[in-house]
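Given the structure is predicted, the values throughout are model-derived calculations rather than measurements.
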Amino acid sequence: MDDLKAFLCIARLQSFTKAAAEIGVTPSALSHTIKTLEEKLGYRLLTRTTRSVAPTEEGEMLMRSLGPLFEQINDELEKLGAMRDTPSGTIRLTGADDSVQYLIRPVLADFLKKYPEINIEIGIDYGFTNIVQERFDAGIRLGESIDKDMVAVRISRDWRLCVVATPAYFQQYSAPQTPNDLIRHNCINIRHSITSGVYAWEFEKGKRQFSVKVKGQFTANSTLHQLDAVLAGIGIAYLPDYLVAPYLQSGQLTEILAEWCPYFQGYHLYYPHRRHGSPAFMALVDILKENYRKTL
């Protein structure tokens, strides 16, 4: 059983080094385990190169047949652990850094203090992470971008993006009067993933919807880094209202073009149906729902 679990881990991560770190053994010991397993079964399960590891055809068949069975075993063990009075276990979440900052950070300390046997692990990712494949328990996304086979729980109000810069920037350069005027300014861009293009700023007025491809000297893959850049006076940024609100109030930033900026459907916590029912997980869902209700 341990050898089969080791094989599934390597096949999932496509790396002996990463799998060895997750399991807690050396890569050489793991390589020996797989070699012994392949000898017992009489099939080569993994194709190894200097740069990658991939399942053979026989390995793919074994993954398809054994993967769901091991998940079922893990689920049953979790249910057994959930019978205890105190919620416990590790909850793995994924989301963009600004959504985690906005929704998880305010409740994290109190939640962990209240449930000392629960551990929270967060993976920051702007891409559309497959939480089942990447073995996350849940993710945070806008409601409109969640697959229909997922459970979705609203945890934030609707929000909009804000075009902002420092007062000093607008003193030096004339403030844009329309979104198209932005193309003549130094704008702070974001590229959500290595394989995606630079985000085109979305606007609307009445029934008219359009986007503007702005240019600038600085591009990040993190909204928080965009915020740092705009506060440093580098240029104009397009950031969520919940992120810039305190800086607008203090006067560190100035907003323009507000009448052109659309609202987005609020953030949701999404997860597969099989996660429903774990006391530890549902305790987190409850505190996020409660925090959302306070904003209404």
Side-chain angles (χ1 to χ4, degrees), residues 1-78 81 88-97 99-100 104 118-141 145-147 149-150 191-196 221-222 269-275 278 280-281 284:
M1 292 287 286
D2 288 341
D3 293 353
L4 291 171
K5 284 196 289 186
F7 159 71
L8 290 173
C9 186
I10 296 167
R12 172 170 55 85
L13 298 174
Q14 297 186 353
S15 166
F16 272 81
T17 302
K18 292 180 180 178
E22 183 169 306
I23 295 170
V25 298
T26 64
S28 59
L30 194 55
S31 178
H32 179 74
T33 296
I34 296 303
K35 182 178 179 182
T36 302
L37 178 62
E38 288 175 332
E39 289 174 354
K40 288 179 182 178
L41 296 177
Y43 291 105
R44 190 171 184 84
L45 300 175
L46 296 168
T47 300
R48 307 164 177 84
T49 69
T50 55
R51 294 187 177 183
S52 64
V53 179
T56 62
E57 183 177 353
E58 293 80 5
E60 288 280 0
M61 292 174 60
L62 196 60
M63 283 178 64
R64 287 195 296 269
S65 60
L66 289 185
L69 296 177
F70 273 101
E71 283 199 8
Q72 185 177 353
I73 291 171
N74 288 332
D75 287 346
E76 294 302 321
L77 290 174
E78 284 187 10
S88 63
T90 297
I91 303 172
R92 300 186 70 234
L93 302 175
T94 182
D97 54 1
S99 64
V100 170
I104 304 299
I118 294 179
N119 303 315
I120 300 288
E121 181 180 337
I122 293 176
I124 299 300
D125 189 355
Y126 273 91
F128 289 102
T129 304
N130 184 323
I131 60 172
V132 175
Q133 183 178 332
E134 298 297 327
R135 304 182 75 82
F136 285 101
D137 296 303
I140 300 171
R141 264 188 211 169
S145 59
I146 296 175
D147 294 337
D149 61 345
M150 292 283 172
R191 188 190 303 274
H192 291 125
S193 70
I194 296 174
T195 57
S196 69
N221 71 338
S222 160
L269 188 76
Y270 70 99
Y271 53 92
H273 286 271
R274 67 179 179 82
R275 282 299 309 162
S278 161
F281 184 74
L284 178 64

Euclidean distance, Phe7 CZ relative to Leu37 CG, rounded to 0.5 Å: 8.0 Å
For Gln72, the side chain to side chain donor-acceptor pair (under 3.5 Å) test, sequence neighbours excluded, returns none
Using the rule given for salt bridge (charged side-chain N to carboxylate O under 4.0 Å, His left out), can you reason through Glu22 versus Arg12, listing the C-alpha separation, both sets of side-chain angles and the distance that settles it, and then say yes or no? CA-CA 11 Å; Glu22 183 169 306; Arg12 172 170 55 85; 2.5 Å; yes
Thr94 side chain vs Gly139 backbone, donor-acceptor pair below 3.5 Å: no
Does the side chain to side chain contact (heavy atoms under 4.5 Å, CB included) test come out yes or no for Ile131 and Tyr270, once each step is laid out? CA-CA 9 Å; Ile131 60 172; Tyr270 70 99; 3.5 Å; yes
Going from CG on Leu269 to CG on Leu93, what distance comes out if it is rounded to the nearest 0.5 angstrom? 6.5 Å
Apply side chain to side chain contact (heavy atoms under 4.5 Å, CB included) to Val100 and Ile124, showing your working. CA-CA 8 Å; Val100 170; Ile124 299 300; 3.9 Å; yes
Start with the C-alpha gap between Leu13 and Arg135, add the side-chain angles, then the distance that decides, and say whether side chain to side chain contact (heavy atoms under 4.5 Å, CB included) holds. CA-CA 11 Å; Leu13 298 174; Arg135 304 182 75 82; over 6 Å; no
Could you pull out the closest heavy-atom pair between Asp137 and Pro272, with the gap in Å? O-CD, 3.8 Å
Could you tell me whether a side-chain N or O of Glu38 sits under 3.5 Å from a main-chain N or O of Leu46, the two making a donor and an acceptor? yes
Distance check, rounded to the nearest 0.5 Å: Phe70 atom CZ versus Met1 atom CE? 4.0 Å
Step by step, work out the side chain to side chain contact (heavy atoms under 4.5 Å, CB included) result for Leu284 and Ile118. CA-CA 10 Å; Leu284 178 64; Ile118 294 179; over 6 Å; no
d(Asn130 CG, Asp147 CG) to nearest 0.5 Å is 8.0 Å
Under the salt bridge (Lys or Arg N to Asp or Glu O under 4.0 Å) rule, collect the residues that match up with Arg141, sequence neighbours excluded. none
Could I get the full list of side-chain contact (heavy atoms from CB on, under 4.5 Å) partners for Thr26, not counting sequence neighbours? Ser28, Ala29
What is the distance from atom OG of Ser31 to atom CD1 of Ile10, rounded to the nearest 0.5 Å? 8.0 Å
Asn221 side chain vs Arg191 backbone, donor-acceptor pair below 3.5 Å: no
Would one find more than 12 heavy atoms of other residues, nucleotides or ligands at under 6.0 Å from atom OH of Tyr43? no
Once side-chain contact (heavy atoms from CB on, under 4.5 Å) is applied, do any residues pair with Thr36, and if so which ones, sequence neighbours excluded? His32, Lys40
Under the side chain to side chain donor-acceptor pair (under 3.5 Å) test, which residues partner Arg44, sequence neighbours left out? none
Is there side-chain contact between Arg48 and Ile34, with heavy atoms separated by less than 4.5 Å? yes
Qualifying residues under side-chain contact (heavy atoms from CB on, under 4.5 Å), relative to Glu60, sequence neighbours excluded: Pro55, Met63, Arg64
Tightest non-hydrogen contact, residues Ala138 and Tyr271, listed as CB-CB, 3.9 Å
Hey, could you give me the CG/CG distance between Leu66 and Leu4, rounded to the nearest 0.5 Å? 5.5 Å
